[in-house]
Amino acid sequence: MDNAAATFIDTYKKLLVLSEQQWKIVNHSNEADQIVEFQALELQKQECQAVIERIASDIQVYSSIADKHREQIITFIEQLQTVHNRLQQHITNQHAEDSQEMKKVANLRKTVQAYGGLNNSDIISYYFDEKQ
């Protein structure tokens with residue numbers, strides 16, 4: 001295997017490892033530091049993608065690599081798609097949960113304000129439910 005092919009295959013391997021690390025981060029932690037770790041891995045993934053794009057931009061080299069290592073490349077791409085689909089689904093679910101929580105907080109804040117807030121004990125507020 002020539003140097004460009006080895007670099008191409010190794011970069012796909014690294015890209016898969018980085019994606020799996022991102023999956024572990026979002027799947028096993030719900031901390032604020034998860035964003036920092038996730039973004040650091042994303043920067044490394046962007047570097048890998050740049051290497052792949054640079055090699056793929058040379059049509060002759062890319063054709064040679066694709067002909068010799070087609071099955072291996074297809075396997076990496078399929079694995080990457082699987083991990084990315086899981087990541088996307090998990091992040092979408094987290095976003096939906098966070099959106100619901102934010103709506104609850106906004107409704108509670110409106111209710112507290114309607115009853116005079118937390119510090120106003122001498123004012124009697126009336127809350128009119130417009131639905132009735």
Side-chain angles (χ1 to χ4, degrees):
M1 188 170 11
D2 64 352
N3 191 29
T7 301
F8 195 76
I9 298 299
D10 290 342
T11 304
Y12 263 111
K13 286 179 187 176
K14 184 177 179 183
L15 194 57
L16 183 59
V17 168
L18 293 170
S19 295
E20 289 172 346
Q21 287 175 348
Q22 283 181 323
W23 169 246
K24 287 178 186 175
I25 287 171
V26 299
N27 198 33
H28 296 298
S29 67
N30 199 10
E31 312 265 333
D33 61 336
Q34 119 187 61
I35 293 173
V36 175
E37 293 176 35
F38 192 89
Q39 287 177 335
L41 292 171
E42 191 63 30
L43 289 175
Q44 292 178 33
K45 283 175 55 180
Q46 289 174 0
E47 292 171 6
C48 290
Q49 291 168 345
V51 170
I52 290 170
E53 288 173 6
R54 181 179 48 79
I55 293 172
S57 67
D58 187 346
I59 301 297
Q60 292 176 341
V61 172
Y62 180 73
S63 296
S64 172
I65 294 170
D67 290 341
K68 294 177 185 174
H69 305 284
R70 183 174 309 280
E71 293 300 320
Q72 201 172 12
I73 294 169
I74 289 172
T75 301
F76 283 129
I77 291 172
E78 288 172 346
Q79 290 172 338
L80 282 167
Q81 284 177 331
T82 301
V83 174
H84 285 172
N85 288 340
R86 284 187 291 169
L87 275 169
Q88 184 176 9
Q89 184 63 39
H90 187 81
I91 291 170
T92 301
N93 290 342
Q94 277 185 332
H95 181 264
E97 290 172 9
D98 290 345
S99 294
Q100 290 298 321
E101 291 298 318
M102 293 299 289
K103 287 178 184 175
K104 288 178 186 177
V105 168
N107 287 336
L108 289 172
R109 185 178 59 85
K110 286 179 185 177
T111 302
V112 168
Q113 286 176 346
Y115 283 102
L118 297 174
N119 297 325
N120 297 335
S121 60
D122 61 337
I123 299 174
I124 299 173
S125 298
Y126 295 101
Y127 180 76
F128 296 101
D129 188 2
E130 295 179 9
K131 293 180 184 177
Q132 294 181 354

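Since this is a predicted model, take the numbers as computed values, not measurements.
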- Compute whether any side-chain donor of one residue and acceptor of the other, for Gln89 and Asn93, lie under 3.5 angstrom apart. yes
- Message: Applying ring pair (Phe, Tyr, Trp, His ring centres under 6.0 Å) as the test, list every pair that has at least one member in residues 40-63; sequence neighbours left out.
- Response: Phe8-Tyr62
Checking [X] side chain against [Y] main chain: does a donor-acceptor pair fall under 3.5 Å?
X	Y	result
His90	Val26	yes
Ser57	Arg54	yes
Thr11	Thr7	yes

- Task: Please answer: with hydrophobic residues joined when any side-chain heavy atoms are less than 4.5 Å apart, are Ile52 and Ile74 in the same cluster?
- Result: no
- Query: Taking a hydrophobic cluster as the set of Ile, Leu, Val, Met, Phe, Trp and Tyr residues connected by side-chain heavy atoms closer than 4.5 Å, whether directly or through intermediates, do Ile73 and Val17 fall within one such cluster?
  - Reply: no
Atom pair [atom1]/[atom2] of [X] and [Y] - distance to nearest 0.5 Å:
X	Y	atom1	atom2	value
Gln44	Ser19	CD	OG	11.0 Å
Arg86	Gln22	CZ	CD	12.0 Å
Met102	Asp98	CE	CG	8.5 Å
Leu15	Gln46	CG	CD	11.0 Å
Gln21	Glu37	CD	CD	10.0 Å
Asn27	Gln34	CG	CD	10.0 Å

- Can you list the residues that meet the side-chain contact (heavy atoms from CB on, under 4.5 Å) rule with Ile91, with sequence neighbours excluded? Phe38
- Query: Shortest non-hydrogen contact from Leu16 to Leu80?
  - Reply: CA-CD2, 3.6 Å
- Minimum-distance pair of heavy atoms, taken over all atoms of Ala4 and Val61: CB-CG1, 3.7 Å
- Item | Side-chain heavy-atom pair Ile9, Lys13 within 4.5 angstrom cut-off | yes
